[in-house]
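Heads up: the structure comes next, in structure tokens.
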Amino acid sequence: MRKQFSGYAPDLDDFEHPGLTVADNVVSDVEGYKPITLTSTVTPTGNLTSVDDISLANLGSEPGFNQQMCAWLSGGTLQIGINGVLRPSNTPGYPLSWSGPMLTQGMQPINVVELNNQRFFTASAFGTTATFLPEQLFVTGYMQWLPSQGAPYTALAEPIGRVCGLINQFVFVGHLETPDDPFSVQWCAIGDPTNWPTPNTDAARAVQAGTQRFPLEFGFVTAIASNDFFGYIFQQRGITKATYVGGDVVFAFDTFEEERGSVGPVLQIDDMVFFESERGFHMLQNDQIIDIGFGKVDAQRPTLFNNSITSTREIVANTERCLVFFQQTGLVYNYKTGEWTKVPAYLAQKMFTINDPDATIGLARSDSSNNVELAVQVDGTPQEALLETGFYKFDQRQLVNGVRPLVTSGETEVRVCTKGLFNDPVQESPWQYVESRSGEAHFRQEGRYLKVKTRINDFETAIGFEADARPSGSL
């Protein structure tokens, strides 16, 4: 009996499951399932000192560099830097106007877009007051960018919004805070993210700046996906396509999705947009939405805390390996193979987007001085990976004498679970190491149903298993 490890789909029933019910601390690749690492040796890209919290956004605009535009809190001041270094080093930061002393402070992910050598960003910080009340502040601004340096950023008085995106030659700001309108977007003068004339005035019409309000029944504006000619405006329960038409109209808006929207940030890779809705995980491409988590992992998502100001669901990627990480869920999707896995070892880690065939994902971690180091993994300790199938049903009762995992090399253990009849209790074997000579873990277990668990403790690629199972002669 030879079986290939097919898709991870924990939402399906355990019995006669066609694939994997557990796929922990591995990622899907074209060759098979590969264990993840936690970094022990790193290539640092910067250090952030006196950090309360950190938020990251990938830029990657300088040739040959993965640039991370960072925002962090230091003594109640918002700081902006590139790869953990202030640009320039004497940037004073932006003092946040809290209502009073704060017990805690933190940050949510920042949005960053680039237009004509200007980095435009939206950032938000949250905290708890001395009377234990939640509070949140928002900053919208821009930073002039030249190779390997930057000018001090300028915080805008308005519009202040929670998200931003680039559509054609316009920076869009959505979920407006000033003026207070979470259902609207506003866009800048054509080609100039520093120029935001008052909408619906002659000055705005002269430079094609404007604003648009969306139906309230679809919820707040939560994200904006960018494109050269058109873009997508996400609300909590809807998606609108914005197409540049020019003239006084500037943009035409078409709401083409009225159920699935985004509960937080989206991730765009080329013309693919990955997002999480109240219903599950999806990919948007060419105006078509694919439910990538339906019947597989949608039921595994943590509860959505829509009323919490700290509940933003983050999405990052390693584009070289086609991996998309939905951070707060621990789930990873490979958009080339179409397969999911889960990485519980990363749940306590802060991740950021990279483009690296030799790493899994970028990690931000604390060093011995409580600084935060941005690091790309170059090697590390393999995490214990676990692959578990559902119960396969034999045509008749079988005696399982051994299992040979189909792995490249390394240290592997196997456990088998059998059941005689559907309602019988599970008979579970001890973990058995694979013998180096035969490549097989030996058992002597009988049943009509078989589940195989494979535990990997090394750098390997696992594709399936072969079971030595023969009719037992029993009924």
Side-chain angles (χ1 to χ4, degrees), residues 46-57 69-81 84-86 89-112 121-141 143 152-164 173-183 219-223 236 263-265 302-314 327-329 347-352 364-374:
N47 288 287
L48 310 177
T49 59
S50 303
V51 175
D52 295 315
D53 203 353
I54 181 173
S55 189
L56 305 167
M69 184 167 179
C70 312
W72 67 93
L73 298 178
S74 179
T77 298
L78 175 69
Q79 302 282 1
I80 299 290
V85 180
L86 286 170
S89 58
N90 62 352
T91 300
Y94 183 81
L96 298 175
S97 300
W98 299 110
S99 62
M102 304 298 291
L103 295 177
T104 63
Q105 295 182 49
M107 289 202 67
Q108 290 184 336
I110 58 175
N111 290 155
V112 182
F121 66 91
T122 58
S124 63
F126 59 87
T128 305
T129 68
T131 55
F132 302 101
L133 295 176
E135 189 169 334
Q136 192 162 22
L137 299 175
F138 302 91
V139 178
T140 300
M143 174 192 288
Y153 71 87
T154 300
L156 297 176
E158 60 180 66
I160 295 177
R162 300 194 182 190
V163 297
C164 68
V173 173
H175 194 135
L176 302 178
E177 293 290 324
T178 53
D180 183 11
D181 190 350
F183 307 97
F220 298 161
V221 173
T222 55
Q236 291 168 306
V263 298
T303 303
L304 292 170
F305 295 99
N306 290 324
N307 296 323
S308 171
I309 62 175
T310 64
S311 64
T312 301
R313 308 284 262 259
E314 301 177 52
Q327 288 195 58
Q328 274 74 5
T329 67
L347 279 174
Q349 305 289 320
K350 175 68 181 180
M351 295 183 273
F352 60 91
R365 64 179 196 177
S366 298
D367 64 15
S368 58
S369 301
N370 204 31
N371 298 328
V372 174
E373 182 177 52
L374 310 187

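When reading the values below, keep in mind they use all heavy atoms of this one structure, side chains included, and skip hydrogens, waters and symmetry mates.
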For the atom pair [atom1] ([X]) and [atom2] ([Y]), what is the distance rounded to the nearest 0.5 Å?
| X | Y | atom1 | atom2 | result |
| --- | --- | --- | --- | --- |
| I160 | D180 | CD1 | CG | 11.5 Å |
| H175 | T122 | NE2 | OG1 | 11.5 Å |
| L96 | F126 | CG | CZ | 12.5 Å |

Under the side chain to side chain contact (heavy atoms under 4.5 Å, CB included) test, residues paired with A123 that sit two or more places apart: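 Only L78, M107, I110, F121 meet the side chain to side chain contact (heavy atoms under 4.5 Å, CB included) criterion with A123.
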
Using side chain to side chain contact (heavy atoms under 4.5 Å, CB included) as the criterion, list what pairs up with S97, not counting sequence neighbours.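 By the side chain to side chain contact (heavy atoms under 4.5 Å, CB included) rule, S97 matches no residue at all.
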
Given Q136 and R162, is the side-chain contact (heavy atoms from CB on, under 4.5 Å) satisfied, shown in steps? CA-CA 11 Å; Q136 192 162 22; R162 300 194 182 190; 4.2 Å; yes

[X] side chain vs [Y] backbone, donor-acceptor pair below 3.5 Å:
| X | Y | value |
| --- | --- | --- |
| Q105 | G127 | no |
| S55 | A71 | no |
| T104 | T128 | yes |

Taking all non-hydrogen atoms of both residues, which atom of [X] and which atom of [Y] are closest, and how far apart?
| X | Y | value |
| --- | --- | --- |
| G161 | V173 | CA-CG1, 3.4 Å |
| G264 | A223 | O-CB, 3.9 Å |
| P159 | L176 | CB-CD2, 4.2 Å |
| Q328 | L347 | O-CD2, 4.3 Å |

Give the C-alpha distance, both sets of side-chain angles, the deciding distance and a yes or no for side-chain contact (heavy atoms from CB on, under 4.5 Å) between L56 and K350. CA-CA 9 Å; L56 305 167; K350 175 68 181 180; 4.3 Å; yes

Between S124 and Q108, a side-chain donor and acceptor under 3.5 Å: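 Yes, Q108 and S124 have a side-chain donor paired with an acceptor closer than 3.5 Å.
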
List in chain and number order the residues that pass ring pair (Phe, Tyr, Trp, His ring centres under 6.0 Å) with F138, two or more places apart in sequence or in another chain; answer none if no residue qualifies.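 Partners of F138 under the ring pair (Phe, Tyr, Trp, His ring centres under 6.0 Å) test: none.
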
